[in-house]
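Okay, so here's the structure we're looking at.
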Protein chains: 2
Amino acid sequence: MALLRLEMNDNLYLRDPQDTELGRKIITQSICMIEEMGLEQFTFKKLSVEIESTEASIYRYFENKHRLLVYLIAWYWNWLEYKIEYETNNVVDPQERLAIAVRLVGEKKVADPMFPSVDEVALQRIVINESDKTYHTKQVDEDNKEGLFRGFKSLCKRIAVIVLEINPDYLYAHTLISTMLEASHQQVFFAEHLPSLTEHKAADGRVHSENIVFLLEMIRKTIG
Amino acid sequence: MALLRLEMNDNLYLRDPQDTELGRKIITQSICMIEEMGLEQFTFKKLSVEIESTEASIYRYFENKHRLLVYLIAWYWNWLEYKIEYETNNVVDPQERLAIAVRLVGEKKVADPMFPSVDEVALQRIVINESDKTYHTKQVDEDNKEGLFRGFKSLCKRIAVIVLEINPDYLYAHTLISTMLEASHQQVFFAEHLPSLTEHKAADGRVHSENIVFLLEMIRKTIG
DNA sequence: TCAACAATAATAGTATTACTATCATTAAAG
DNA sequence: CTTTAATGATAGTAATACTATTATTGTTGA
């Protein structure tokens, strides 16, 4: 199987981590550590110890840990969009394409052999736990100008377009889809930590399948 | 007009800030500062300078700045629930009660003279920008056990009950309402900072009214 | 009226974090 | 085989998130 590389916005990094051994180690190990200890406990110092490198070297790849997080999350959305594109290709019925997209967004991910340096399972957990922190900052607007959130916006648009194909008169396609994208991880978090906020059950992977049903039904009924 | 005091969970603070002059100054000034500079830039040191007190004194009220944020957000949800209770009292039609609740959740807030030490306008901005940070931490579960999120959960339940009155067979009442509560501030944030994610327009207070229309319609159609 | 008690102020100090800077070493490319 | 790019080693800084100690003030109630 040929190895792919997702095209990432230049501004996400100082030096492209996909280019070097050290870069890939940064990605692999940071995913592992952020998932385990959470973003706040994670530091470049700790990471440098794990990968047997130095803080200074990591700083040559990413300006700071926020940028690294944004990179990881952006990678996830790019990957998801690629998968959606791939799996909806040649599917003519927009209802069916919508169902595929929602399933791909909501399902529990498994490792993708196409990208051996990325643990997609752990990365999805990071998205569930930390992704909102990428834009809830004082510098959102500058970060946005630099295109750091293009992945998420592009994914939202792609699904919104399907919605508009189904019902061209629906006024809130992007609003609805960004709401559902957020709910796709928020509800998993709620099921695990604040279960009274949702009917979904965290046990096994039930949350994901229940959530897919919920989200798809919500979209279909809402757009009529 | 009689001054009220919202009943807050004891675990939210070390010493009740509503009891003392200094406590109220902490609340008033921290709302102002967090809104202005964002949670990350905000520190107890800076706050102590503004209120002409000391870090140590503030630490006698709140364990740390995260707890202070949780307190403020909890206050907001308690306040909202109180308003909903008040305004839906004696309204028999559940559809009408739902509409009132969604309007109160989504509308742009104005200062409530009942609580002079709280700037509700600024506090709503904090909810929009920072509220997700209250639970996206490693200690969610302990915090939740201490009841720190009771306000939000209680509000969610109250509206979910209305949904179930309208359609007792709907399976995802809490899921849908927690989704809509999140969307109620997320969409405002998007309109202001990532406008391609939403049809809502940030100009004036349009986001709020457009969002109310969107959210109510989404709920109504989804529950059938 | 005074004692004692609670709240706060003043001050200092610590460990950790999030960097920045400098210079030495290694590895790869021309 | 030399130049240069990447990395390593090491050091240092300002800010943060606290904790601790002692002094001062203001209130209460005996």
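To find a chain, count down the sequence lines: A is the first, B the second, and so on, and within it residues start at 1.
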- request: For DNA chain C, determine which residues of residues 37-53 of chain B have any heavy atom closer than 4.0 angstrom to one of its atoms, and list them numerically.
  value: B:Glu52, B:Ser53

query: Does C:dA6 have OP1 or OP2 sitting under 4.0 Å from an N or O in the side chain of B:Arg15?
result: no

field: Heavy-atom protein contacts under 4.0 Å, nucleotides 21-29 of chain C, coded B base, S sugar-phosphate only, - none
entry: B--------

message: According to salt bridge (Lys or Arg N to Asp or Glu O under 4.0 Å), who are the partners of B:Glu146, at least two apart in sequence or on a separate chain?
response: B:Arg67

field: Set of residues satisfying side-chain contact (heavy atoms from CB on, under 4.5 Å) with respect to B:Ser57, sequence neighbours excluded
entry: B:Leu22, B:Ser53, B:Thr54, B:Arg60

query: With sequence neighbours left out, what residues match A:Glu55 under salt bridge (Lys or Arg N to Asp or Glu O under 4.0 Å)?
result: none

message: Could you check, using the six-membered ring where one of them is a Trp, whether A:Tyr135 and B:Phe190 have ring centers closer than 6.0 angstrom?
response: yes

Under the side-chain contact (heavy atoms from CB on, under 4.5 Å) test, residues paired with A:Glu130 that sit two or more places apart: A:Ile34, A:Leu39, A:Glu40, A:Leu69, A:Ile126, A:Lys133

- prompt: In whole Å, what is the span from the CG atom of B:Leu14 to the P atom of D:dC18?
  reply: 12 Å

statement: ring pair (Phe, Tyr, Trp, His ring centres under 6.0 Å) filter on B:Phe214, not counting sequence neighbours, yields A:Tyr172, B:His200

field: Set of side-chain contact (heavy atoms from CB on, under 4.5 Å) partners for B:Asn9, sequence neighbours left out
entry: B:Asn11, B:Leu12, B:Arg150

- request: Take the C1' atoms of the five end pairs on each side of the helix from C:dT1-D:dA30 to C:dG30-D:dC1, get both axes, and report the angle to 10 degrees.
  value: 10°

query: Which one, C:dT20, D:dT7, C:dA10, comes nearest to the side chain of A:Thr20?
result: D:dT7

query: Is the A:Phe115-A:Trp75 ring centre distance short of 6.0 angstrom?
result: yes

message: Once side-chain contact (heavy atoms from CB on, under 4.5 Å) is applied, do any residues pair with A:Ser209, and if so which ones, sequence neighbours excluded?
response: none

message: Does B:Tyr61 reach a base, just sugar-phosphate, or nothing at all? Heavy atoms under 4.0 Å.
response: sugar-phosphate

message: Run the salt bridge (Lys or Arg N to Asp or Glu O under 4.0 Å) test against A:Glu192 and tell me which residues pass, sequence neighbours left out.
response: A:Arg125

query: Mind checking what makes salt bridge (Lys or Arg N to Asp or Glu O under 4.0 Å) contact with B:Glu120, not counting sequence neighbours?
result: none

message: Tell me the interatomic distance from A:Asp16, atom CG, to D:dA6, atom C1', rounded to whole angstroms.
response: 15 Å

query: Within this structure, what is the CD1-to-C1' distance between B:Ile58 and C:dA7, rounded to whole angstrom?
result: 14 Å

Atom-to-atom span, CD of A:Glu55 to P of C:dC19 - whole angstrom: 10 Å

- prompt: If you check the A:Ser57 side chain, which of D:dA17, C:dT8, D:dG8 turns out closest?
  reply: D:dG8

- prompt: Rounding to a whole Å, what distance do you find between A:Leu69:CG and C:dA18:P?
  reply: 13 Å

field: Side chains of B:His174 and A:Glu199, donor plus acceptor under 3.5 Å
entry: yes

message: Rounding to an integer number of Å, can you tell me how far A:His66 NE2 sits from C:dT17 P?
response: 19 Å

message: If I take atom CG in residue B:Leu22 and atom P in nucleotide D:dT27, what distance separates them, rounded to the nearest angstrom?
response: 14 Å

Between C1' of D:dA5 and CD of A:Glu21, the distance in whole Å: 17 Å

